[in-house]
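Source: prediction; values computed, not measured.
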Amino acid sequence: MNIFKKRATDSSPFMMPNWLVILNNILLWIILLILIGYAVWHPETIAVIFPNFKWDKINYTAILKAILFVWVILTVFRIIKKAMINWIKRHDKIDKGIYYSFVTLLGYLGWVIATWGGLSLLGVNLQSLAVIIGALSVGIGFGLQHIVNNFISGLLILFERPIQKGDWIKISGQEGIVKSIHIRSTELETFAKTRILIPNSEVLSQNLENITKGDRLGRIIISVGVSYNSDLRLVERILLSVAQNEPALQQDPAPFVLLTDFADSCVKLELRAILKNVTQGLVVKSNLMFAIWDAFKENNIEIPYPQQVVHLEK
């Protein structure tokens, strides 16, 4: 029914305000109920449109009750979910993954209750329906095994929480932020702002790297090469000074410098430190490299590059 509802991120100037969206939904439901009521109390008019259908055998009251029941249950669960999401967003110190998992399961529960109650009000024999579903379970298992596999995998992800909403992950050659975990797939937003749906079964079966699992700390390594004529102890002090002046780096444990190789054209060193927030790694690395470049220029420290001597014979 939310056919006119826009996404919250839509920047269109024609986006409807929230009160107008709510009013639109209420009007659509009122129109639907009026049409159903008209069909209940004036079946002769409907029979003109559908002359071959036995309208007198339909329990319109049961249909109306079932629709109202489903609508009320889904609306109540939607309100509860929205209230829980707003509460989660206001509390930064809680483990949000647990609560988002609970919100997702709450949505599934709402659909189960609405479907079960609606079928009961329609007079469907749920015991017979269960027997039929049991008889078809083998065929469904073979025909829809991938869907069932993804569904079960989705439940395992919600309970075990190898990934959570907001995690930075790498999987199947893709990298990005987990935006949501659905019943069949996990939605990943890449750094190019594209959305990728990864089947939940792949999340559990593929090699997955969760960069922000547990905390946001991460290692940063910057390699530099300096001339053999350089004062290596001075280079070490410069690198440590640059790291100590960067607020995005942890100072406990303190950054340190390693001499890693005596290469053909330079001496290679590495500055290693701990990032406070690994999601800022690219920006922090760029800032450090700019600072190192400026410091080397001020102290006349040369960063050599490979050179080749070509001898020409006459």
Side-chain angles (χ1 to χ4, degrees), residues 87-101 160-171 173-179 188-193 207-306:
W87 181 86
I88 293 170
K89 291 179 178 178
R90 291 195 301 269
H91 294 76
D92 297 329
K93 297 183 179 181
I94 63 174
D95 186 351
K96 296 186 178 182
I98 297 177
Y99 292 94
Y100 278 122
S101 300
E160 294 183 359
R161 298 189 298 119
I163 61 173
Q164 303 175 32
K165 183 177 179 180
D167 281 351
W168 175 6
I169 67 171
K170 296 180 180 180
I171 182 173
Q174 304 293 340
E175 179 178 359
I177 305 298
V178 176
K179 302 304 292 184
L188 188 70
E189 182 181 76
T190 67
F191 296 111
K193 295 301 179 182
N207 292 330
L208 183 145
E209 181 181 353
N210 193 335
I211 299 174
T212 55
K213 176 69 173 177
D215 56 48
R216 298 278 171 171
L217 297 179
R219 171 81 68 182
I220 187 170
I221 300 175
I222 297 181
S223 299
V224 295
V226 297
S227 169
Y228 274 93
N229 296 324
S230 303
D231 183 346
L232 296 184
R233 291 303 179 183
L234 175 60
V235 173
E236 180 185 28
R237 290 195 297 271
I238 291 174
L239 294 177
L240 291 176
S241 175
V242 168
Q244 291 167 359
N245 292 328
E246 175 54 57
L249 297 181
Q250 290 268 80
Q251 299 304 321
D252 184 19
F256 59 95
V257 175
L258 295 175
L259 196 159
T260 58
D261 191 19
F262 294 109
D264 293 337
S265 58
C266 66
V267 180
K268 293 184 177 180
L269 301 96
E270 286 185 355
L271 171 63
R272 297 194 174 201
I274 301 296
L275 275 169
K276 295 179 180 179
N277 189 341
V278 71
T279 60
Q280 300 176 355
L282 291 177
V283 175
V284 175
K285 185 174 183 179
S286 175
N287 292 339
L288 290 172
M289 295 181 72
F290 272 119
I292 291 171
W293 177 267
D294 293 337
F296 280 5
K297 288 290 186 181
E298 291 177 2
N299 291 274
N300 297 319
I301 295 175
E302 180 186 358
I303 300 178
Y305 52 89

Which value, rounded to the nearest 0.5 Å, describes the distance between Leu217 atom CG and Gln250 atom CD?
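Interatomic distance, Leu217 CG to Gln250 CD, rounded to 0.5 Å: 5.5 Å.
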Could you state the interatomic distance from CG (Leu269) to CD1 (Ile222), rounded to the nearest 0.5 Å?
12.5 Å
Can you sort out the partners of Phe290 under side chain to side chain contact (heavy atoms under 4.5 Å, CB included), two or more places apart, ordered by chain and number?
Ser286
Mind checking what makes ring pair (Phe, Tyr, Trp, His ring centres under 6.0 Å) contact with Phe262, not counting sequence neighbours?
none
Specify the closest pair of heavy atoms between [X] and [Y], including all atoms of both residues, with the distance to one decimal.
X	Y	value
Ala243	Leu249	O-CD1, 3.6 Å
Cys266	Gly225	SG-CA, 4.0 Å
Ala291	Val242	CB-CG1, 3.7 Å

Sorted by first residue and then second, give each side chain to side chain donor-acceptor pair (under 3.5 Å) pair with at least one member in residues 291-301; sequence neighbours left out.
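Side chain to side chain donor-acceptor pair (under 3.5 Å) check on residues 291-301 returns no pairs.
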Option passing side chain to side chain contact (heavy atoms under 4.5 Å, CB included) with Ile220 (candidates Lys285, Glu246, Arg272, Gln280):
Lys285
By side-chain hydrogen bond (donor to acceptor under 3.5 Å, both in side chains) - contacts of [X] (at least two apart):
X	value
Asn245	none
Arg233	Glu236
Thr190	Thr194

Taking atom CG of Leu282 as the centre, report whether more than 12 heavy atoms of other residues, nucleotides or ligands fall under 6.0 Å from it.
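For Leu282, atom CG is not crowded (no more than 12 foreign heavy atoms under 6.0 Å).
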